Amino acid sequence: MNHKVLLYSLNVHFGATHAVKGVTLAFPENSVTAIIGPSGCGKSTVLRAINRMHDLTPGARVSGSIALDGTNIYANNVDPVAIRRRIGMVFQKPNPFPAMSIYDNVISGYKLNGRIRRDDADEVVESSLKRVALWDEVKDRLRANAMELSGGQQQRLCIARTIAVKPEVILMDEPCSALDPIATMKIEELIEELKEKYTIIIVTHNMQQAARVSDVTAFFYLGELVECGDTPMIFTKPEKRQTEDYITGRFG
Amino acid sequence: MSRLTFRHAKNGCMTFLMGVFTLAVLIPLILIFAHIVRMGISSISVDFFTQIPRPTGETGGGMANGMVGSALLIFLASCLGIPVGVFGAVYLAEYGGSRISTVIRFAADVLAGVPSIITGMVAYALLVVPMKGFSALAGAFALALIMIPIVLRTTEEQLKLVPVTLREASLALGVPLWRTTLKVTLRSALKGVMTGVLLAIARIAGETAPLLFTALGNQFWSGKLTEPIAAMPLQIFNFAISPYEDWHRLAWAGALVLVTVMFGLSLAARYFGRTKQSGL
Ligand SMILES: Nc1ncnc2c1ncn2[C@@H]1O[C@H](COP(=O)(O)OP(=O)(O)O)[C@@H](O)[C@H]1O
Ligand SMILES: [Mg+2]
């Protein structure tokens, strides 16, 4: 399997805090990689490094390299905006644009960047909403405000908005932690489907979820990568003691 | 038992005191407004809104030129003050955190505290002297200087209230920072920004001192922005200190109109401030 994204001795500092320590890790293409670990271990920080979100945090420093299809996205001549178009992100709390309708939220990536032809827009909205299995629920009220949707629907809308701009990689930072079990199940089914087209990296604190949705699992502890491997292996026969302790619930 | 009685007594006392203080705040406002209405209402007529002042000795006339002049001054001042204030605030809130932003913030606070007569003198030195004459432009410039810190600080506060998650949502879609700032952050803070703008306009609508040696005032219509121009507060001031009974009446009427407009602006500002943020 190809490696879509490759972290190589990645370090992230926030001022004096060394949040991510020399992580080298590969994310295979068209599969789901779960990042697990106790809170504060740097999961979000690693994830946000992958689409250069730290660029805008004062005091944040990223070193090492991250390759996307073999090209270092931290190289000097790389435009972070172009990278973010190829690497989309879904956040912990559903965050649709509150001033926009459902329809406009789906095409927000285009609208905020300029214009989109009406026909194209209709087509993008329908196909994106169908992909996230939201079309049937909202097709009669596309002009309604996005905030009228339930939390789970909002999160699927956010995923629709992300895939509408046709990224190659989708980062998800605990996308279900604000959702109820049924909405969570729907998102998990969705992730399963999305991996056919996209490379997915999901942070989760829910180990059952990691076991259910991911092909590969990476376990982080105190900013370091402890262990990474095929999900069934990590959950049944982890190599490291720390991993085993965490998975069996002895800490974390 | 006795302690409970004491507590009730204390409670009653405090409630009474608070009522007194509330009244102490309200009474001057009511007195001022009532007095202005009583003195001014009889002189409000169609002429007042359509005529310019008559020469001394003649009765009648109005303040039409002052009202139009004030509106024009406010418009011109807004053209400079609102963009500078808003974009200054955007810089502080979105790209700040550096030493420059500390300096800008400090400068804005100092500017806000400068007596308005000094602002007028600055505009005099910067515009009136080089242009060799009093003008609407100089007056508008002086008013803009007063607007800028008000708009800047209120806008900055509003921008800070926009959740980071909204900005990140936009950035993560591959929208450049400047577009995100304009179309997401500023858009979400729009109502709060409007409140700041309205309060700033209400503030400059009544300013007299900065116009004294900039716009100067004019008994007639002015044809060019480079000429002295009439303004409501100036006309009220000039008429009030004149020895003519008829001008005194016009001054009261002008005061009534000005206070009513400012009252309206404050209400509108409250309306925008009260309803939930447009974007949120
Ligand atoms: N913007 C920031 N500024 C300073 N420190 C931060 C920032 N973001 C994260 N950190 C620190 O980095 C470490 C890892 O945080 P994070 O990646 O959010 O953990 P996780 O997602 O695994 O719970 C924590 O110690 C946190 O305090
Ligand atoms: Mg996190």
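Remember, predicted model here, so these are calculated numbers, not experimental data. By convention in this document, chain letters (A, B, ...) are assigned in the order of the sequence lines, proteins followed by strands, and residues within each chain are numbered from 1.
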Can you establish whether the number of heavy atoms outside [X] located under 6.0 Å from its atom [atom1] is more than 12?
| X | atom1 | result |
| --- | --- | --- |
| B/Met121 | CE | no |
| B/Phe49 | CZ | yes |
| B/Phe75 | CZ | no |
| B/Tyr124 | OH | no |
| B/Leu182 | CG | yes |
| B/Lys183 | NZ | yes |

For residues [X] and [Y], determine if any side-chain heavy atom of one lies less than 4.5 Å from a side-chain heavy atom of the other.
| X | Y | answer |
| --- | --- | --- |
| B/Val184 | A/Phe97 | yes |
| A/Val81 | B/Val175 | no |
| B/Glu168 | A/Arg48 | yes |

- Task: Kindly compute the distance separating CG (B/Leu173) from CE (A/Met89), expressed to the nearest 0.5 Å.
- Result: 12.0 Å

- Task: Starting at CZ of B/Arg167, measure out to CE of A/Met53 and round the result to the nearest 0.5 Å.
- Result: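 Between atom CZ of B/Arg167 and atom CE of A/Met53 there are 11.5 Å.
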
Chain B contact via [X] - side chain, backbone, both or neither, heavy atoms under 4.5 Å:
| X | result |
| --- | --- |
| A/Asn95 | both |
| A/Pro80 | neither |
| A/Leu171 | neither |

- Can you check whether anything in residues 101-119 of chain A gets within less than 4.5 Å of chain B, heavy-atom wise, and list it by number? A/Ser108, A/Gly109, A/Lys111, A/Leu112, A/Asn113, A/Gly114

- Task: Name, in order of residue number, those residues of residues 153-169 of chain A that have a heavy atom at a distance of less than 4.5 Å from a heavy atom in chain B; otherwise write 'none'.
- Result: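 Checking residues 153-169 of chain A against chain B gives A/Arg161, A/Thr162, A/Val165.
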
- Heavy-atom pair of closest approach, residues B/Leu166 and A/Pro96: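 Smallest interatomic distance, heavy atoms only, reads CD1-O, 3.9 Å.
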
- Query: Donor-acceptor pair, A/Arg85 side chain versus B/Gly174 backbone, under 3.5 Å?
  - Reply: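 Such a contact is found between A/Arg85 side chain and B/Gly174 backbone.
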
